[in-house]
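Comments concern the structure below.
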Amino acid sequence: MFDIQTKYVFVTGGVCSSLGKGVSTSSMALLLKSMGYTVNVVKVDPYLNVDAGTMNPYQHGEVYVTFDGAETDLDLGTYERFLNQRMYRTSSITAGKIYKSVIEKERKGEYLGQTVQVIPHVTNEIKETIRKAEEVEGKKVDILFVEIGGTVGDIESIPFIEAIRQFSLEVGRRNCLFVHVTLLPYLKSSDEIKTKPTQHSVAKLRELGVQPDIIVCRSEKDFSKQELKKIALFTNVEERAVIKSLDVSTIYEIPLLYKEQELDKIMCEYLNIPYKTPDLSFLEKKINILKNIDEEVTIGLVGKYVELKDSYKSIHEALFHAGIENKVKVKIMNINSETLSEEELIEALSKVDGILVPGGFGRRGVEGKILAVKYARENNVPFFGICLGMQIMTIEIARNVCGISEANSTEFDPKTPHPVISLLDEQKKVTMKGGTMRLGAQKVILKQNTTAYEAYKSTEIFERHRHRYEFNPEYIPIFEDNNVVFSGFSENGLVEIIEYPQNLWMVGVQFHPEFQSSIFQPHPLFVDFIKASVSFLRKSPD
Ligand code: GLN
């Protein structure tokens with residue numbers, strides 16, 4: 001639509017982490033996308049893991065899986081959900097990935113005769129790797145956003161800041177924009193918003209050679225023009241380019257908040273690109289629906305890492321999208337399957353209108369999850385099992401419906417006499433942990449006249465995977481004899497979806513539908529699960 005050369009927006013973080021830099025980056029990208037520009041986003045994580053796949057969700061939050069099978073930081077999920085477009089593996093860079101590549105090149109002799117150093121070898125590798133994301137699905141994008149993880153001042157992020165400084169010189173400073181997202185802490189005792197940490201953080205950034213053009217100030221309290229002026233003066237940024245980003249009831253209000261402060265115009269002006277009013281009417285409509293919702297449905301999320309919301313971030317988001325679609329607020333009740341006693345679990349489950357068992361690994365907390373499936377089945381509560389949740393549903397039905405009392409997954413009991421869930425053939429020789437699961441999107445063929453088909457209204461879908469175990473096909477006949485419906489298979493015959501139609505709504509999927517839901521396109525399975533939960537709620541006596 002516009003004929004421009006690729007422009008770059010670099011986003012850094014100041015003062016502390018968890019400021020919602022991913023949401024800020026996505027909101028800015030959405031403003032430009034809503035003008036008609038094509039965009040892509042890269043997340044740079046300064047840790048030494050090659051990807052996020054081997055990290056504990058308690059430390060790092062959920063592992064987000066891209067369509068092409070990369071295990072990435074959860075910010076990629078935020079980008080996809082805001083922009084309603086796919087991110088690919090080129091959108092995820094870690095220090096580990098960069099160093100691995102530099103060391104492999106060194107071993108191959110590509111730097112023969114040279115001393116391999118952070119500058120220029122690592123910084124060159126960073127620049128080249130960033131540029132790989134300029135092209136998406138065969139086309140060069142108009143604007144590439146690059147979010148640098150961590151906080152300015154961290155030892156780990158220094159080579160990355162140096163690389164983006166060099167980058168801006170190479171592609172031309174007028175083709176780049178530096179945005180610094182920072183925190184203005186509020187001091188209760190003096191009832192003040194403090195700007196000093198921001199001043200220091202920008203000073204640190206400038207020391208590394210980067211002068212920000214725009215400062216986005218996260219703050220839980222509103223602040224005066226006085227503070228804005230002070231930040232502008234001390235950080236050497238135009239006053240109008242110091243943007244307030246106050247806490248909001250939903251993150252989807254942030255692009256609107258930025259637009260009110262004309263951040264959209266400022267970005268275009270600084271990047272020397274034509275401005276067009278961004279069309280955000282769709283978002284406005286959704287926010288309007290959200291503000292007028294009064295019914296609430298409660299979903300029990302039964303897992304091991306439920307205390308940390310980020311561990312199941314995409315699930316939380318997908319439930320939220322499905323809630324808006326059904327015009328209900330979804331309240332999530334976290335139910336820890338590992339620490340609660342049987343009575344406590346049942347007590348918690350008796351308060352919910354739908355039960356969801358998400359993905360997971362290892363045997364801890366498994367028996368609690370099996371109990372949750374049993375409760376759902378016996379009390380006709382809508383149930384949604386995702387990946388491990390589907391495998392748990394299989395074990396419960398095997399034990400308590402098919403009468404195979406010793407049924408288990410070989411993940412939890414390698415010697416079980418009834419391995420209803422067993423290792424995928426392709427996994428049998430795998431010894432390395434990183435990036436070796438069945439990963440990414442695969443075609444799933446759906447059977448008509450099933451709950452799954454009812455939701456998707458299509459016989460062919462693509463869903464993302466991340467697992468090593470599968471439904472053992474030897475057990476299909478006995479399950480079918482006990483009213484289980486196999487409604488989806490992969491092209492090479494792996495079981496992808498099971499249903500138990502005796503229940504109001506009971507579906508288990510081997511894939512992760514939560515990665516493909518957005519406010520623009522809520523996922524059909526989540527939409528129908530919430531719909532069933534609402535009908536359960538309305539039928540309940542109290
Ligand atoms: N642990 C199970 C497997 O590897 C489930 C994985 C998951 O839930 N992502 O098959």
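Indexing begins at 1, ligand by ligand and atom by atom, following the structure's order. As the structure is a prediction and not an experimental result, all values here were calculated from the model.
Side chain to side chain, Glu499 and Ser487 meet the donor-acceptor criterion of an N or O pair below 3.5 Å.
Salt bridge present: Glu378 and Lys374 bring a charged side-chain N and a carboxylate O closer than 4.0 Å.
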Open item on the list: Show, in sequence, the C-alpha distance, side-chain angles and deciding distance for Tyr47 and His60, and conclude whether the ring-ring contact (aromatic ring centres under 6.0 Å, His included) test is met.
Closed with: CA-CA 11 Å; Tyr47 49 72; His60 191 256; 5.3 Å; yes
- [ ] Give the C-alpha distance, both sets of side-chain angles, the deciding distance and a yes or no for ring-ring contact (aromatic ring centres under 6.0 Å, His included) between Phe145 and Phe10.
- [x] CA-CA 6 Å; Phe145 281 77; Phe10 298 102; 9.8 Å; no
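When heavy-atom distances to ligand 1 are checked against 4.0 Å, the residues falling inside are Gly359, Gly360, Phe361, Cys387, Leu388, Gln391, Glu411, Arg466, His467, Arg468, Tyr469, His512, ordered by chain and number.
Remark: Glu344 pairs with no residue by the salt bridge (Lys or Arg N to Asp or Glu O under 4.0 Å) rule, at least two apart or across chains.
Checked options His523, Arg81, His512, Gln516; the residue passing with Ser314 is Arg81 (criterion: side-chain hydrogen bond (donor to acceptor under 3.5 Å, both in side chains)).
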